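Some notes on the structure that comes next.
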Number of protein chains: 2
Amino acid sequence: MSGSCFADRLEKHLNLTERERAALARLEENQRKVKRGAMIQRANETITELFVLRAGRVMSYVILPDGSRQILRVYFAGDFIGSASTVYSKSPEALVALSDSVLCPFDKYALRVLLEEHPRVAALMFVLSQMERVALTDRLASLGRSSARARVASFLLDIIDRLRLMDDSITNSFDLKLTQEEIGDAVGLTSVHVNRMIRQMEADGLISRSNGRIALLNEKALEEIGHYTNRYNDLDLDWLPDA
Amino acid sequence: MSGSCFADRLEKHLNLTERERAALARLEENQRKVKRGAMIQRANETITELFVLRAGRVMSYVILPDGSRQILRVYFAGDFIGSASTVYSKSPEALVALSDSVLCPFDKYALRVLLEEHPRVAALMFVLSQMERVALTDRLASLGRSSARARVASFLLDIIDRLRLMDDSITNSFDLKLTQEEIGDAVGLTSVHVNRMIRQMEADGLISRSNGRIALLNEKALEEIGHYTNRYNDLDLDWLPDA
DNA sequence: AAGGGGCGTTTTACCTCCGTAACGAAACCT
DNA sequence: AGGTTTCGTTACGGAGGTAAAACGCCCCTT
């Protein structure tokens, strides 16, 4: 366990050197605690800060002119967030804490130094960003081309697989920490219809629920319903620069 | 005009050094011509090649188990494609030429050398990948939270703005090179309904068509209908390492 | 020039999945 | 206890999907 939560995350995929770990730890020198519901970054505001999410859960979203919301992504401990601000001077998306969380803010210019001095970390940042790109295209296919039932199923599977990545103790149940309205805003449905789907899946014995926790009782079936594939098995990072 | 089409694209955003241009040109040493309709990369096949698209037009898509297709992205000259293969050993998406095209294939390991030797280019690759990420989240919001009319409008605007980025001669009309079925597969609609929307927009005087070309007659109105914002104006690349 | 096949577009009729609106119950604050 | 948030459920309507056929156009072939 190094001082850097982000380094821990990267080490799920490959081994870092001491120097690299130290450099990454420097991104997390500052900490900021935020409460559930806190706005971390407003959309369309000037920003120079990025964050490593050290603990808790965060979502990013946009609000359309008609008031509807699209949740873009849910983030977990170890994730690098706010990365859009590496490119745009005004944040294209808002960030809100879904649970009490700990953030490590750092400056764009700190990222610059990191990338200059650690080519392998630079390559890794590119790789992480590609992983997120693929996750987004998967969700795009889900919203564009599958039914409400399929969208909810694949969304649940994606969340549990990402939680498992950092927490080995998770078996088949987890705390979603999202309201049904939020699930709807993530997969492009209304809360009413999310509720229909969830109760239907519960009636079908695919999932069960008790006070906020969701248990996936038949993942194979859910994967089929949701057209879901776990991409984290098929990584190829051999081409990255040597340590 | 350097030897590298990709360098030309990057120079739309910032100035490269001679050394950097030379390094990028090395990615485009090989050329391959492909005909319209040619499969460049099949989904789920082992791959080690990436491409710079030198001329023509290419799309990426996935096919869901039920046979439906989701087009993920349309690429133009100067775009870097197949980037998912930097992360996965099997391609998560298929690539097909939408018009006769010229591709410059290169190996993952060539990318590695580039990133090791040119930290600024590495940072730039990260930036490009973030730009694509934001483009995807915009489309995610479009599919998840807006009407058929809005989806078609924003799709057309996105295409024309990306064409304009590389070709100053474009005013308000362009060659789409997509069938209505393909438009539908890109924005999550059926060809029938795309047709309804397009003819409606034509009747409303928002667009006009003649032999494959589409003219946007009222971009302001289309932007409002599609909840569209052109992100290419708001870039902030000042933090990148110095030349 | 005539005929024909292929591809994309247009149109019609019908249907269904999902959204809208509304309200009551339960759970959660403070 | 009283407000606030979330969940559950209903009835209804509409946006968009499905299926099918006709139409137009280009290119081929004879």
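Quick note on labels: first sequence line is chain A, next is B, and so on, each numbered from 1. Given the structure is predicted, the values throughout are model-derived calculations rather than measurements.
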- Query: To the nearest Å, how far apart are L189(A) CG and dA15(D) C1'?
  - Reply: 15 Å
- Figure out the CD/C1' separation between E202(B) and dT11(C), and round it to whole Å. 15 Å
- Query: Under 4.0 angstrom, heavy atoms only, what part of the nucleic acid is S147(A) near: base, sugar-phosphate, or nothing?
  - Reply: sugar-phosphate
- Note on the structure: Of dG8(C), dC7(D), dG16(D), the nucleotide closest to the side chain of A148(B) is dG16(D)
- For R36(A) and dT5(D), what is the distance between atoms CZ and P respectively, to the nearest whole Å? 11 Å
- Query: Does any donor atom in the side chain of S83(A) or Q130(B) lie under 3.5 Å from an acceptor atom in the other side chain?
  - Reply: yes
- Report the distance from atom CD1 of I183(A) to atom P of dT6(D), rounded to the nearest whole Å. 12 Å
- Message: Please classify the nucleic acid contact of R149(B) as base, sugar-phosphate, or nothing, using heavy-atom distances under 4.0 Å.
- Response: nothing
- Item | Rounded distance in Å - CG (D66(B)) to P (dG17(D)) | 14 Å
- Task: Give one of base, sugar-phosphate or nothing for G188(B), where a contact means two heavy atoms less than 4.0 Å apart.
- Result: sugar-phosphate
- Evaluation steps, side-chain contact (heavy atoms from CB on, under 4.5 Å), between L222(B) and L156(B): CA-CA 9 Å; L222(B) 286 170; L156(B) 295 177; 5.8 Å; no
- Message: Among dG19(C), dG16(D), dG8(D), which nucleotide has an atom closest to any side-chain atom of H193(A)?
- Response: dG19(C)
- At under 4.0 Å between heavy atoms, what does R151(A) touch on the DNA or RNA strands: base, sugar-phosphate, or nothing? nothing
- L178(A) has an atom CG; how far is it from atom C1' of dT5(D), in whole Å? 15 Å
- Task: Would you mind checking if D79(B) and R162(B) are paired as a salt bridge, meaning a charged N to carboxylate O distance below 4.0 Å?
- Result: yes
- Ranking R199(A) and R145(A) by the position along DNA chain D of their nearest nucleotide, the one closer to 5' is R199(A)
- Query: What's the CG-P distance between N195(A) and dG19(C), to the nearest Å?
  - Reply: 13 Å
- Base, sugar-phosphate alone, or nothing: which one does T190(B) contact when heavy atoms must sit under 4.0 Å apart? base
- Message: Testing R151(B), R69(B), R73(B) one by one against D185(B) for a salt bridge (charged side-chain N to carboxylate O under 4.0 Å, His left out), which residue passes?
- Response: R69(B)
- Message: Heavy atoms only, 4.0 Å cut-off, all strands: where does R196(B) land among base, sugar-phosphate and nothing?
- Response: base
- dG16(D) P sits how many Å from L143(B) CG, rounded? 12 Å
- Flag the pair F80(B) / F6(B) as yes when their ring centroid distance falls below 6.0 Å, and as no otherwise. yes
- Would you mind telling me which residue lines up with the more 5' stretch of DNA chain C, S146(A) or V192(A), judged by nearest nucleotide? S146(A)
